[in-house]
2 protein chains.
Amino acid sequence: MTDHPQIAVSTVIFALRETDDQALPALWMPLVRRIRAPFEGLWALPGGPLGIDESLSEAARHNLKATTGLAPRYLEQLYAFGDPARSGDQRLVSIVYWALVGNDEASRSEADDNVRWFPADALPALAFDHQLIVDYALWRLRNKVEYAQIAHRLLGETFTLAQLRSVYEAILQRPLDPANFRRQMAAAKSLAATGEMQSGARHRPPRLYRYVEVPGTTPNPWA
Amino acid sequence: MTDHPQIAVSTVIFALRETDDQALPALWMPLVRRIRAPFEGLWALPGGPLGIDESLSEAARHNLKATTGLAPRYLEQLYAFGDPARSGDQRLVSIVYWALVGNDEASRSEADDNVRWFPADALPALAFDHQLIVDYALWRLRNKVEYAQIAHRLLGETFTLAQLRSVYEAILQRPLDPANFRRQMAAAKSLAATGEMQSGARHRPPRLYRYVEVPGTTPNPWA
DNA sequence: GCAAAAGTGTTGCGACTACACCCATGA
DNA sequence: TCATGGGTGTAGTCGCAACACTTTTGC
């Protein structure tokens with residue numbers, strides 16, 4: 001045990017996956033298997049040490065790429081965890097980020113013996129205090145999706161309103177009224193119709209939308 | 001320069017002070033003068049290293065007591081700042097907390113040559129990136145006061161509705177309708193009348209209230 | 001035509017704002 | 001009695017939830 005605390009940067013990653021039996025997607029996340037003590041063999045959040053020339057968010061991105069191959073479409077600092085008892089016999093302070101990755105990116109993600117995807121609400125036993133961290137990240141995601149425009153970052157570049165609504169429903173775990181959802185999105189003025197339709201289904205073809213930044217809408221100018 | 005990042009815990013402290021010319025209180029904060037490089041002589045947020053057996057919040061409390069003698073009535077983690085360029089030639093990651101201290105506590109605070117109070121909106125030049133941190137803390141305080149019951153922590157144990165309203169007005173920097181403010185507080189059900197009045201002023205004596213915890217109202221179960 | 005999802009209209013409720021108004025005290 | 005802030009009443013507005021209804025496609 002060293003006499004000064006070590007710093008690590010870890011990330012809770014969310015992506016949407018179609019469930020086989022249902023048409024509704026659900027939240028999944030990639031975990032990595034620990035290959036050394038403490039908690040050897042258990043699943044854990046991807047992370048690693050803080051490089052001497054990296055900012056905290058750069059370290060999060062860099063570790064994400066190295067361990068899971070993913071590049072997030074949204075990244076935000078979650079919390080710093082530093083309880084003395086959280087990391088066995090060495091003192092470890094973890095700066096934890098949370099991230100959203102798009103549809104395409106998540107499905108491209110290679111399967112690996114030491115990296116596996118799990119449903120966010122049914123994880124295996126996790127190393128350290130990582131289950132607590134995941135619970136907090138889920139709480140933050142559910143809060144933030146209600147007032148910030150982040151849900152589209154779990155989809156691709158263009159999407160239908162029904163797809164976007166299914167993202168909200170997967171995160172909030174309750175059905176939303178399609179009519180009211182449409183009006184809420186219209187009021188936010190952050191969606192632009194591409195002019196294209198998505199055909200093929202056996203019903204009226206829906207419009208495709210793209211996310212557009214609304215000028216005065218930066219919820220947190222810092223961070 | 002060492003090859004691993006150092007960890008420090010700092011705190012942005014808010015208290016209310018009466019302004020001499022006006023009856024309206026305003027937000028003030030204590031700063032400490034740096035007595036060594038880098039930024040020697042400049043004012044900075046109180047803080048210090050993370051003790052090997054302390055949790056992060058314990059370190060914040062402990063450093064606060066040691067540098068300013070204050071014990072906060074509210075303490076919450078703000079953000080972790082770790083940009084490589086923020087701390088001169090050594091790498092320093094600061095876990096920053098923000099705190100509210102009560103009326104009584106703030107006025108008891110001893111004057112010191114190396115500790116001084118400043119109005120939160122007119123600070124001197126600060127060391128490191130501390131002005132950025134203060135701006136973020138102010139933004140968080142103004143947001144949080146609108147949906148969380150924290151304003152009373154800037155007062156004492158009991159207070160009148162007018163005093164509580166003046167806290168909101170000082171933080172939000174705009175006048176609030178007394179009638180509507182009263183109803184909002186009543187709707188939140190987090191105030192209990194003590195039965196006592198505050199007399200002495202040349203108008204109808206106001207009731208004194210005490211803050212009471214509302215069962216299902218924990219905004220952030222973690223953190 | 002029929003099923004299914006896209007998209008529109010309408011109504012009622014609850015929260016908030018603005019402001020008129022009464023109450024109780026000290027001087 | 002009057003000035004001052006404590007405290008109550010009330011009407012208008014806005015946003016949202018609920019749900020009926022019309023439109024457009026594939027089969």
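All values below come from the heavy atoms of this structure, side chains included, with hydrogens, waters and symmetry mates left out. Numbers restart at 1 for each chain; the letters A, B, ... are given by sequence-line order, proteins then strands.
Side-chain contact check for A/Leu138 versus A/Ile171: every heavy-atom pair is 4.5 Å or farther apart. The side-chain heavy atoms of A/Phe159 and A/Leu191, taken from C-beta on, include a pair separated by under 4.5 Å. Side-chain contact between A/Val12 and A/Met29 is present, with heavy atoms from C-beta onward closer than 4.5 Å. The shortest distance between side-chain heavy atoms of A/Val32 and A/Trp43 does not fall below 4.5 Å.
B/Tyr97 pairs by the ring-ring contact (aromatic ring centres under 6.0 Å, His included) definition with nothing, not counting sequence neighbours.
Checked for salt-bridge contact, B/Lys144 and B/Glu76 meet the test: a charged N lies under 4.0 Å from a carboxylate O. The residues A/Arg174 and A/Glu169 are annotated as not salt-bridged, no charged nitrogen and carboxylate oxygen being separated by less than 4.0 angstrom. Salt bridge annotation for B/Arg142-B/Glu146: absent, with no cationic side-chain nitrogen under 4.0 angstrom from a carboxylate oxygen.
Taking every heavy atom of residues 157-173 of chain B and every atom of DNA chain C, no pair lies under 4.0 Å. Residues of residues 177-195 of chain A that place a heavy atom closer than 4.0 Å to DNA chain C, in numerical order, are A/Ala179, A/Arg182, A/Arg183.
Rounding to whole angstrom units, CE of residue A/Met197 and C1' of D/dG26 are separated by 16 Å. In this structure, A/Leu176 places its CG atom 15 Å from P of D/dC19, rounding to the nearest Å. Atom OH in B/Tyr147 sits about 20 Å away from atom C1' in C/dA15, given to the nearest Å. Distance A/Gln198 CD to C/dA6 P: 10 Å, rounded to the nearest Å. The nearest whole Å value for the distance from the NE2 atom in A/His203 to the P atom in D/dC27 is 11 Å.
Residue A/Arg202 is the one, among B/Ala201 and A/Arg202, whose nearest nucleotide of DNA chain C lies closer to the 5' end (criterion: closest heavy atom).
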